[in-house]
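A quick write-up on the structure given underneath.
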Amino acid sequence: MIKIDSIDRKILSLLQKKGDLSLAELSESVNLTTTPCWKRLKKLEECGVLKQRVALLDQVKLGFSFTAFVHIKTTNHCSEWYKSFTDKVLALDEVMELYRMAGNYDYMMKIVVADMAAFDLFYKKLVASIDGLTDVTSTFAMEQMKHTTALPL
């Protein structure tokens, strides 16, 4: 973990809320001139704390109103199977998030698609392309109550 001070935290907090802030706006908000603020940004990028700046899209307005969580069990835990599994799953555009889990399931993924028919196509593609799955269980989101990408700095 890298050491960051209160100014770095404020910079990161502001960028989490509005990633397209200009350097001038950001500098003014943290009471720095542009050069020291730019140097801090570069340091945060180089050490990997600031990974990238992206635009957040409204999935429903773009026609992706169906969110599913897929829980997977397998009895195969060798490194070769793990690499094959992750390579295949990460290549699927519908997979928004993938986690290796502790507990009842080995993996969990968040899937975003247009509707149940699109999810069914995704599910069939998933189970047909990956050997060694012993249980694939899906749950579906009825309503998104909270969504944030901002960490509690």
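When a residue number appears, it is its place in the shown sequence, counting from 1.
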In terms of hydrophobic clustering (I, L, V, M, F, W, Y; side-chain heavy atoms under 4.5 Å; direct or indirect links), are [X] and [Y] co-clustered?
X: Leu44; Y: Leu23; result: yes
X: Val89; Y: Tyr99; result: no
X: Val136; Y: Met116; result: yes
X: Tyr123; Y: Leu92; result: yes
X: Val113; Y: Met142; result: no

Are the side chains of [X] and [Y] in touch, meaning some heavy atoms are under 4.5 Å apart?
X: Leu32; Y: Leu26; result: no
X: Phe85; Y: Asn76; result: no
X: Leu15; Y: Leu41; result: yes
X: Val49; Y: Asp8; result: no
X: Arg100; Y: Tyr82; result: yes

Can you measure from [atom1] ([X]) to [atom2] ([Y]) and round to the nearest 0.5 angstrom?
X: Ile11; Y: Cys37; atom1: CD1; atom2: SG; result: 4.0 Å
X: Phe69; Y: Ser138; atom1: CZ; atom2: OG; result: 11.0 Å
X: Ile4; Y: Arg40; atom1: CD1; atom2: CZ; result: 10.0 Å
X: Arg9; Y: Leu14; atom1: CZ; atom2: CG; result: 14.0 Å
X: Ser22; Y: Glu28; atom1: OG; atom2: CD; result: 9.0 Å
X: Ile111; Y: Met108; atom1: CD1; atom2: CE; result: 10.0 Å

With a cut-off of 6.0 Å (strictly less than), are more than 12 heavy atoms of other residues, nucleotides or ligands near [atom1] of [X]?
X: Asp87; atom1: CG; value: yes
X: Asp131; atom1: CG; value: no
X: Lys43; atom1: NZ; value: yes
X: Lys125; atom1: NZ; value: yes
X: Glu45; atom1: CD; value: yes
X: Asp93; atom1: CG; value: no

Next item on the list: Determine which pairs satisfy ring-ring contact (aromatic ring centres under 6.0 Å, His included) with at least one residue from residues 129-153, sequence neighbours left out, and list them in order.
Entry: Phe66-Phe140, Phe119-Phe140

Notebook entry, point to check: Pairs in or reaching into residues 23-45: which pass ring-ring contact (aromatic ring centres under 6.0 Å, His included), with residues at least two apart or in two chains?
Noted result: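 Listed by first then second residue: nothing to list.
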
Could you tell me whether the side chain of [X] and the main chain of [Y] form a donor-acceptor pair under 3.5 Å?
X: Ser84; Y: Glu80; result: no
X: Thr137; Y: His71; result: no
X: Thr74; Y: Thr134; result: no

Notebook entry, point to check: Would you call Lys18 and Asp20 a salt bridge, using N to O less than 4.0 angstrom?
Noted result: yes

Next item on the list: Apply side-chain contact (heavy atoms from CB on, under 4.5 Å) to Met109 and Ile72, showing your working.
Entry: CA-CA 8 Å; Met109 59 183 88; Ile72 294 175; 3.3 Å; yes

Item checked: Residue of the set Val112, Val127, Val95 for which side chain to side chain contact (heavy atoms under 4.5 Å, CB included) holds with Phe122 -> Val95

Residues 52-61, side-chain donor-acceptor partners within the protein, below 3.5 Å, at least two apart:
unit_1: Asp58; atom_1: OD1; unit_2: Val60; atom_2: N; d: 3.0
unit_1: Asp58; atom_1: OD1; unit_2: Lys61; atom_2: N; d: 2.9
unit_1: Gln59; atom_1: NE2; unit_2: Phe64; atom_2: O; d: 3.1
unit_1: Gln59; atom_1: NE2; unit_2: Thr67; atom_2: OG1; d: 3.1

Margin query: Pairing donors with acceptors under 3.5 angstrom, does anything connect the side chains of Gln16 and Ser13?
Written below: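 Not at all, the side chains of Gln16 and Ser13 share no donor-acceptor pair under 3.5 Å.
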
Margin query: What verdict does the salt bridge (Lys or Arg N to Asp or Glu O under 4.0 Å) test give for Lys3 and Asp5, after you've listed the backbone C-alpha separation in whole Å, the side-chain angles of each residue and the deciding distance to 0.1 Å?
Written below: CA-CA 7 Å; Lys3 288 197 173 215; Asp5 64 17; over 6 Å; no

